[in-house]
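Lettering of chains follows the sequences in order, A, B, ..., and the numbering in each one begins at 1. These figures come from a predicted structure and were not determined experimentally.
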Number of protein chains: 2
Amino acid sequence: MVTLKDIARIANVSVSTVSKVLNGKGRVSEKKRREILQVAKELGYVPNLHARNMSKKVRILTIGLVIPDITNPFFGKLTRGVQKVCGEDVLVITVDSFRDLDREERVIRKLLFLGAHGIIIGNSRVNDELVKEVSRYIPVVVFDKDYEYENVVSIVLDNSYGAYLATKHLIERGYRNVIHLGGTHELYVSLKRREGYEAAMREKGLSPRVYPVGYDEEKGYKMMRKLLKSGEEIDGVFSMNDLVALGAMRAIREFGKKIPEDIGVVGFDNDEELCEIASPSLSSVHQPVEEMGETAAKVMLDMINGTLKVRKYIFSPRLVVRESSGGKKVNL
Amino acid sequence: MVTLKDIARIANVSVSTVSKVLNGKGRVSEKKRREILQVAKELGYVPNLHARNMSKKVRILTIGLVIPDITNPFFGKLTRGVQKVCGEDVLVITVDSFRDLDREERVIRKLLFLGAHGIIIGNSRVNDELVKEVSRYIPVVVFDKDYEYENVVSIVLDNSYGAYLATKHLIERGYRNVIHLGGTHELYVSLKRREGYEAAMREKGLSPRVYPVGYDEEKGYKMMRKLLKSGEEIDGVFSMNDLVALGAMRAIREFGKKIPEDIGVVGFDNDEELCEIASPSLSSVHQPVEEMGETAAKVMLDMINGTLKVRKYIFSPRLVVRESSGGKKVNL
DNA sequence: TCCCTCCGATCAAACGTTTTCCCTATTTGT
DNA sequence: ACAAATAGGGAAAACGTTTGATCGGAGGGA
């Protein structure tokens, strides 16, 4: 790496002169100025940020934010919440792991190595051992997962309760044969949502039916089509996310059934853009994501300052009712 | 700010011992170890990242990415493109300006002050003077806007061509009375899209009709409803973005007209999630956003290394045809 | 000629760590 | 009991930059 010293040597001047030229500070003759600039360019000089900031006595609090997919508005909101709290004084380094667990591990280690003062991990599939290891050095905030390590705080949504709310709502609107299109089982969130659904069904004396589907529109569409064709009796669908719900709605429409008159549908996540544009608009369970991001940042700052109070934050979802669960029309 | 020296003084040991304890490196007696840890905690010690990295001879190339709204998938994709190219070696500091021009200016200055090696600005409404000033120190990449400064590269989408494509497509599918729901005029992109629309109309000997609307669904809905009620003759809509197009579609449906049989609709941006979920699915002009982000990062790296070749990159949009512009049914 | 000023450039300290080398006790081995 | 090994700790250099102090010399005024 080329430093000021290298430039100084080649241009036959002192280091401080070079520094002054590059920063346009003190007074330097036009001749030397040009010469130095020239040499700097030739050598491809890139200033060393650390040296500069140390010399300038700049101190920055830096926190890392690792998320699986910045393209997804859900994580966008999370990021925004964090940045809002951090304002312009705390540096947030946001990195997208592209849902690649290896890359995630690498960037987390990198963040640690670079001296981040704390890391917020927005992915509940994160490697437990890694969290444990990192938390030995700096505080960690994780979403939707429990840890009992000293230096780790969990921020979770009460997924089970959200699912319970949604299912109960469907039942109260007159739908009886409510099925659940769930995620694959390994995930904490899909497990919890399933639990809530089952609890609500049992409470009303109905028998739950759960179909593992996945997470995108296509999957929801295919599964729903299959179920309808098979003659399965269904008048309500609680889906583990909005996309799957929208897929299911497409299948229902294609099959010639009316929403919400014949079948009611409720999603999860409340991606507003999506839910409101859909026709009929989609009822969904709302997560206060941005607020959760803000809390994550606040907690992180508290941990860094050693003024942490709580070890776990639980957020409550709320149901946003739109057209898709408007109530069943009973055939006379 | 508390430093190792402070801890050392209070704990009555040397700086190097403190460092060793905090990093778990050399050997230190259990007694001192505890003591030092205790003092460090009480004083609220936070390591100085710059000093550490300098000492460790770590060098990082840092580039700042400033965007107006990380919640928007469009900017999410941009961000992703940048991060993809930067990989794990170049540090990307992404900051959301919340569409607040003042905040934007502040964060850009901050980035400069912190020693970022380059800044990518994802907002065409950015302050020109600021760009000029910043570019005196470090390279800048800007989207959708032209600059002639030495150290600034523009990455633009050929908005005019995209609009032209969309409009021509509508005309060729049999729609004659194609209107344009445009943005407000101050923006470069809305100006260009309008131009393209007008060019296509004139080319076919039709007279363009442009209505300034805005950027969200509600605005599109209201304007379209008003136009339909007023009896305006319309069988085609080219909208300046997808949301406005979806609003217009809602109004059209409500008015009892069929899409695409009576009225054809084309949007802009091609927000896939939105366009495909809509029913009928929405044709739209696609911007290769992620690719543009990748290019921005590559160009930035080139500029930093002094190996820049081109001063301006123009990307071509492409039309994605879906159901909403399927062709007009002629009444017999 | 001498003194003062000002310009251009250099010197050297400082920023906060890490890390290598070195010193002194103490322990271990014979 | 004496040499050798080792544990515990400190001194100091190094990382690359910024910046105030300093210095030599040119030019100007008396």
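Between the CE atom of B/Met54 and the P atom of C/dA14 there is a distance of 15 Å, given to the nearest Å. For the pair B/Tyr45 OH and C/dT17 C1', the interatomic distance rounds to 7 Å; values are reported in whole Å. What separates CD of A/Glu30 from C1' of C/dC7 is a distance of 15 Å, to the nearest Å. Separating the CG atom of B/Leu49 from the P atom of C/dT18 is a distance of 11 Å, rounded to the nearest angstrom. If you take CG of B/Leu4 and C1' of C/dT18, they are 9 Å apart, rounded to a whole angstrom. When rounded to the nearest whole Å, the span between NZ of A/Lys31 and C1' of C/dC7 equals 16 Å. The distance between atom CG of B/Asn48 and atom P of C/dT17, rounded to the nearest whole Å, is 6 Å.
Each of B/Arg59 and B/Arg33 was assigned the nucleotide of DNA chain D with the nearest heavy atom; the assignment lying further toward the 5' end belongs to B/Arg33. Closest-nucleotide positions on DNA chain C for B/Lys20 and B/Pro47 were compared, and the one nearer the 5' end corresponds to B/Pro47.
Here chain B contacts DNA chain D (any atom closer than 4.0 Å to a heavy atom, that is under 4.0 Å), and the contacts span D/dA7 to D/dG16 from 5' to 3'.
The side chain of A/Ser16 lies closest to C/dT10, out of C/dT17, C/dT19, C/dT10.
Side chain to side chain, B/Ser14 and B/Thr17 meet the donor-acceptor criterion of an N or O pair below 3.5 Å. With 3.5 Å as the limit, one finds no donor-acceptor pair spanning the side chains of B/Tyr137 and A/Asn23.
Counting non-hydrogen atoms under 4.0 angstrom, B/Ser19 reaches a base of the nucleic acid. Within the 4.0 angstrom heavy-atom criterion, only backbone atoms of the sugar-phosphate kind lie near B/Val13; the bases stay farther away. Among the atoms of the strands shown, base atoms are found under 4.0 Å from some heavy atom of A/Thr17. Heavy atoms of B/Asn23 sit under 4.0 angstrom from primed sugar atoms or phosphate atoms, though from no base atom. Nucleic acid contact for B/Lys32: sugar-phosphate only, since backbone atoms but no base atoms lie under 4.0 Å from a heavy atom of the residue.
Annotation: the span from B/Glu294 atom CD to B/Gln83 atom CD amounts to 12.0 Å, rounded to 0.5 Å. With rounding to the nearest 0.5 angstrom, the CG atom of B/Asn159 is 11.0 Å from the CD1 atom of B/Ile314.
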- Query: Can A/Asp128 and A/Tyr147 be said to form a side chain to side chain donor-acceptor pair (under 3.5 Å), step by step?
  - Reply: CA-CA 9 Å; A/Asp128 287 2; A/Tyr147 286 99; 2.8 Å; yes

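When each of B/Asp6, B/Val39, B/Ile36, B/Leu22 is paired with B/Tyr45, the side chain to side chain contact (heavy atoms under 4.5 Å, CB included) condition holds for B/Leu22 and for no other.
The backbone N or O of A/Val126 lies less than 3.5 Å from a partner atom in the side chain of A/Lys145, making a donor-acceptor pair.
For the pair A/Ser29 and C/dA9, the criterion of a side-chain N or O lying under 4.0 Å from OP1 or OP2 is met.
Judged by distance alone with a 3.5 Å cut-off, no donor-acceptor contact links the side chain of A/Ser14 to the base of C/dC11.
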